[in-house]
Q: 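My structure is below; once you've seen it, I'll send some questions.
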Amino acid sequence: MKCSIWKYVLALAATGAVGTVMLGVSKVAVDAAQRSAVSPELSGSDAEQVAQAILRQKCADCHGPEASYSKFWNALSFGKLSRDVDGAQRSFKMVPDSEIRSANVDYLKMDHVLRTRRMPPASYTMVHLGSRLTPLDVSILRNRYKEQGAELRRFAPISPAAEPETEWDRARIRLGQLLYHNGALSTNNQVSCASCHDLTKGGTDNLSKSEGVPGADGLPQLGGVNAPTTYNAAGNIRQFWDGRAADLKEQAGGPPLNPVEMGYSKPEDWAEIADKLAQDDEIRTLFALVYGGDGITGDTITDAIAAFEQTLVTPDSAFDAYLKGNKNALTEKQKKGMESFVNRGCATCHSGPALGGISFEYINTHSDLREAAAPKDYAEAAFGLRDFTKREEDKDMFRVPVLRNVALTAPYFHTGSVQTLEEAVRVMCKTQVGGSVSDAEAESIAAFLRAQTGKLNGRPLQALTPEETNPYLSKPTAQ
Ligand code: HEC
Ligand code: HEC
Ligand code: HEC
């Protein structure tokens, strides 16, 4: 105990010393004259210059592109400096990277720290005199984002899918719907996209790990990560937990040629799939109609599936009704949950129309999600974006899942290891925003998330039947 107190005092002293020695310049922040000359209404390039000065002087030590620290002082502070810089770089970069995070998420993160005055961290302002953000700094930074046209769209209603404009569009979507439910894409003719992304189960299989075609032992082979929903996936910044597919069309080419999922393994195998599909009259006719001479190929198959998936959007949840002005659409408990969701910063990463899907984020900023959410003997097969980019710094950065319809998509996380929404909320508080949460607050946030269940073609998702979603089970007149 004593020892750890001394560690702390030493660490503080060391960080303080680093502040003065390493930086060399006085951090009495934006120079007083410059500051008295600005007002929150300042606009144009003047405002930008002042905003840049604030960021440079108060934030860049940790968030700037050249943020660094001295190894000597880092050792003396028991690694606090490197942890600060590393944590800062992992959650927010002053130079945005649109491949990894939509500008909206960056803006919302900034908005969140400005509202909560969380940054710069207290351990930093204590030793860097004048680095605390003043109310004037805050309004200048806020205005900067407004002026750059940021919409700060925390939430937005889901827009219904566009009506097909032509017969050709209609045929392409119908074809995609048939293919999505067609076992011919798998070696044993049993596994379809819908096996793992069942539209009556929130677009998932409700399994921890998905079951693909049988392996040598005759048992279904299991995937390495939990299957995300196909509902509203069209809005994702990239597809898959690790982002290895740019869009829905590229994504749809993955499962058929995945030996564990649908069983094929090489591009030439599309020819065999095409032969099987050509035996179905309706499918053959639709391919001819939609793709003419291009025929049935990996390219046309995935194009049609993606067109169908574009229609899998789910407007008209209770939350959508609330956003459109019906203040009674949410219960008091749900409104409380929504407030917590915003105040705790959940609505930075989980923002936009689908409440997520638009950034990659580390799952171990405050503590490791696997420790918080997965059983001790969990065999991890996934390391996020790194699996795709092979860049070490992308390890453990996962594409944020959408939270629309999340009440229907248990179990949760890429690990598929958490069964209830309340528990998922507790894990998120621990790993993504830091801190614990009372049972009552976790329950109200979960209640808010249950208001996210929307409708497909006017039908509540939780009430959809196989006959309504699977064209092979419905009457020929459907659609
Ligand atoms: C001493 C280093 C340090 C300084 C200086 C610093 N930050 Fe941070 N910042 C961090 C760390 C560490 C994190 C990640 C942990 C956390 O969110 O608490 C972070 C996280 C953030 C985030 C992401 C928060 C979220 O909700 O995801 C934003 C935005 C941010 N900082 C903005 C700023 C701004 C603006 C300044 C300057 C006014 C600043 N920071 C100064 C260390 C720093
Ligand atoms: C055996 C089960 C299985 C089958 C069959 C399957 N998927 Fe998936 N799907 C998964 C799993 C598991 C993932 C997550 C994999 C990952 O991220 O590495 C996934 C990911 C996706 C995603 C990305 C969603 C997101 O949020 O990133 C989409 C879209 C998708 N699948 C659509 C399809 C389509 C279309 C088909 C049919 C061509 C299909 N899936 C067949 C299990 C399956
Ligand atoms: C810094 C970004 C970030 C913040 C802030 C954040 N999340 Fe998440 N959330 C994620 C990521 C990334 C995942 C996926 C983690 C994984 O599966 O490994 C996730 C997953 C989830 C899931 C599981 C969804 C599913 O389909 O598996 C829920 C529920 C959730 N978050 C709710 C919340 C709540 C509630 C908060 C606020 C307490 C919150 N999140 C804050 C990034 C974030």
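Remember, it's 1-based here, ligands and their atoms both numbered in the order they're listed. All figures in this text were calculated on a predicted structure; none of them were measured in a lab.
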Q: Are Tyr472 and His181 close enough that their ring centers fall under 6.0 Å?
A: no
Q: Would Gly345 count as a contact of ligand 1 if the rule is a heavy atom under 4.0 Å away?
A: no
Q: Can His414 be said to touch ligand 2, with heavy atoms closer than 4.0 Å?
A: no
Q: Is there a heavy atom in Glu211 that sits closer than 4.0 Å to ligand 2?
A: yes
Q: Could you tell me if any non-hydrogen atom of Ser210 lies under 4.0 Å from any atom of ligand 2?
A: yes
Q: As a check for students: among Lys109, His366, His63, identify the option with a heavy atom nearest to atom 30 (C) of ligand 1.
A: His63
Q: Check whether any heavy atom of Trp241 sits under 4.0 Å from an atom of ligand 3.
A: yes
Q: I want to confirm something. Looking only at heavy atoms, which of His350, Arg101, Arg344, Glu361 is nearest to atom 43 (C) of ligand 3?
A: His350
Q: Who's closest to atom 24 (C) of ligand 1 heavy-atom-wise, of His112, Arg118, Arg90?
A: Arg118
Q: Indicate, as side chain, backbone, both or neither, the part of Lys209 found under 4.0 angstrom from ligand 2 when only non-hydrogen atoms are considered.
A: neither
Q: Does the distance from a Lys or Arg side-chain N to an Asp or Glu carboxylate O, for Arg370 and Asp368, drop under 4.0 Å?
A: yes
Q: Report the part of Leu133 in contact with ligand 1, treating N, CA, C, O as backbone and CB onward as side chain, heavy atoms under 4.0 Å; options are side chain, backbone, both, neither.
A: side chain
Q: Determine, using heavy atoms of Ile305 and all atoms of ligand 2, whether some pair is separated by less than 4.0 Å.
A: yes
Q: From atom 33 (C) of ligand 2, work out which of Gln251, Met262, Glu261 has a heavy atom at the shortest distance.
A: Gln251
Q: Give the residue and atom name of whichever protein heavy atom lies nearest to atom 13 (C) of ligand 2, and the separation in Å to one decimal.
A: Pro228 CD, 3.4 Å
Q: Please verify whether a non-hydrogen atom of Ser192 lies at under 4.0 Å from ligand 2.
A: yes
Q: Would you mind reporting whether His414 and Ile363 have side-chain heavy atoms less than 4.5 Å apart?
A: yes
Q: With heavy atoms of Tyr124 as the reference, note each atom of ligand 1 found under 4.0 Å away.
A: 1 (C), 5 (C)
Q: Could you check whether any heavy atom of Asp84 sits closer than 4.0 Å to an atom of ligand 1, since that is the contact criterion I want to use?
A: yes
Q: Strictly under 2.8 Å, is any N, O or S atom of Met119 next to atom 8 (Fe) of ligand 1?
A: yes
